[in-house]
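Let me begin by presenting the structure, written as structure tokens, before commenting on it.
Computed from heavy atoms alone, side chains included, the values below leave out hydrogens, waters and symmetry copies. Just so we're on the same page: letters track the sequence lines, and every chain starts at 1.
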Number of protein chains: 2
Amino acid sequence: MKIGELSKRTGASVRSLRYYEQEGLLASVRMDNGYRTYNWVAEEQVRTIQFYLSLGLTTEQIGSFLNCVLKNKEAFCAEVLPIYERKLQEIDAQLLQLGQIRTNLLDRIRSIQESQ
Amino acid sequence: MKIGELSKRTGASVRSLRYYEQEGLLASVRMDNGYRTYNWVAEEQVRTIQFYLSLGLTTEQIGSFLNCVLKNKEAFCAEVLPIYERKLQEIDAQLLQLGQIRTNLLDRIRSIQESQ
DNA sequence: ATAAACCCTGCCATTAACGTCAGGGTCAAG
DNA sequence: CTTGACCCTGACGTTAATGGCAGGGTTTAT
């Protein structure tokens with residue numbers, strides 16, 4: 001399958017698929033005319049990439065364990081757990097900060113509304 | 001006072017102070033040699049800017065009501081409340097998304113740990 | 001044989017609040 | 001009169017995953 005079809009099947013833009021290749025996440029075989037070709041495995045691979053991106057991981061992080069998790073269970077790939085844990089800490093820090101901002105905002109909104 | 005002193009007093013970098021001026025948030029008077037001069041009011045003004053930035057507002061949003069809130073109570077400035085409410089919605093959307101990611105991450109972490 | 005629909009490789013743009021030079025004046029103290 | 005500590009104006013860099021365009025080849029169908 002060519003890149004346009006892979007794009008339609010996965011929802012990833014053609015531009016994104018080329019970017020994943022450039023970042024070493026997705027391989028393609030070139031036809032004589034230079035067109036990229038993909039097999040059915042690529043489709044699942046793209047969905048896997050999309051999932052990890054949706055967790056907020058960077059392409060670099062994904063690249064560090066993608067080959068492993070495509071062939072094994074996640075638990076087998078030692079890279080994965082520490083990345084997950086780092087990400088969790090980041091998320092918790094962001095949640096904390098957003099929560100504080102939210103509290104501040106609510107206070108301000110309430111005090112404006114009360115004074116009307 | 002010159003920009004260096006204002007920077008020390010407020011903790012904002014010299015670069016930031018110039019940026020606030022460029023964005024119309026902070027005025028200065030120029031000396032004969034071109035140096036910026038500030039009065040004591042500027043110090044409080046910078047702290048006000050810093051506070052609004054800490055709420056995650058953009059310099060553009062801040063600029064839309066800063067002059068008003070420097071001279072009146074927030075409640076008097078009609079621009080403020082809708083901006084606060086929009087920001088609150090953004091925050092809530094982010095909190096929701098981060099919460100979902102966090103749940104996913106925790107699931108993955110747990111399933112890895114259980115299989116060890 | 002031609003138009004529509006693909007594909008390719010660059011490369012610039014995006015976001016927001018700065019950081020960080022370069023290249024050059026100004027000023028105070030010794 | 002020189003050194004060090006200031007100040008100035010540009011202007012490019014930063015972050016990350018794309019969007020979008022230019023300029024050009026390929027394929028498919030009519």
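Overall, the helix from dA1(C)-dT30(D) to dG30(C)-dC1(D) carries an axis bend of 30° between its ends, with five pairs at each end and the value rounded to 10°.
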### Worked check of side-chain contact (heavy atoms from CB on, under 4.5 Å) between E85(B) and I109(A)
CA-CA 8 Å; E85(B) 282 168 341; I109(A) 289 173; 4.1 Å; yes
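Side-chain N or O atoms of Q116(A) include one that pairs as donor or acceptor with a backbone N or O of A75(B) at under 3.5 Å. In this structure a side-chain-to-backbone donor-acceptor pair under 3.5 Å is missing from Q97(A) to Q94(A). With E74(A) contributing its side chain and V69(A) its backbone, the two residues share no donor-acceptor pair below 3.5 Å. Under a 3.5 Å cut-off, the side chain of S16(B) and the backbone N or O of A12(B) do not form any donor-acceptor pair. Panel note: side chain S7(A), backbone I3(A); no donor-acceptor pair is recorded below 3.5 Å.
The shortest side-chain heavy-atom distance between L53(B) and T59(B) falls under the 4.5 Å cut-off. Taking 4.5 Å as the limit, every side-chain heavy atom of L106(B) sits out of range of all side-chain heavy atoms of T103(B). Side-chain atoms of L57(B) and K87(B), non-hydrogen and from C-beta on, do get closer than 4.5 Å to each other.
Annotation: the span from L81(A) atom CG to R86(A) atom CZ amounts to 10.0 Å, rounded to 0.5 Å. Of the inter-residue distances, the one linking R18(B) atom CZ with R15(B) atom CZ reads 8.0 Å to the nearest 0.5 angstrom. Between L105(A) atom CG and I101(A) atom CD1 the span is 7.5 Å, to the nearest 0.5 Å. In this structure, CE on M1(A) lies 9.5 Å from OH on Y38(A), to the nearest 0.5 angstrom.
Taking every heavy atom of residues 82-91 of chain A and every atom of DNA chain C, no pair lies under 4.0 Å. Taken residue by residue, residues 32-52 of chain B places heavy atoms nearer than 4.0 Å to DNA chain C at N33(B), Y35(B). For the contact set between residues 18-29 of chain B and DNA chain D, defined by any heavy atom under 4.0 Å, the members are R18(B).
R47(B) pairs with exactly one of E43(B), Q50(B), E44(B), Q45(B) by the side-chain hydrogen bond (donor to acceptor under 3.5 Å, both in side chains) rule, that one being E43(B).
More than 12 heavy-atom neighbours from other residues, nucleotides or ligands sit within 6.0 angstrom of CZ on F51(A).
Taking every nucleotide of DNA chain C with any atom under 4.0 Å from a non-hydrogen atom of chain B, the first and last of them, 5' to 3', are dA17(C) to dC27(C). Reading DNA chain D from its 5' end, the first and the last nucleotide to sit under 4.0 Å from a heavy atom of chain A are dA17(D) to dT27(D).
Ring geometry for Y52(B) against Y84(B) counts as tilted: the plane angle lies between 30° and 60°, on a 0 to 90° scale.
Each of R15(A) and T58(A) was matched to the nucleotide of DNA chain D holding its nearest heavy atom; the match closer to the 5' end belongs to T58(A). In terms of position on DNA chain C, the residue among M31(B) and T59(B) whose nearest nucleotide sits closer to the 5' end is T59(B).
If you check the side chains of E21(B) and S28(B), you find a donor sitting under 3.5 Å from an acceptor.
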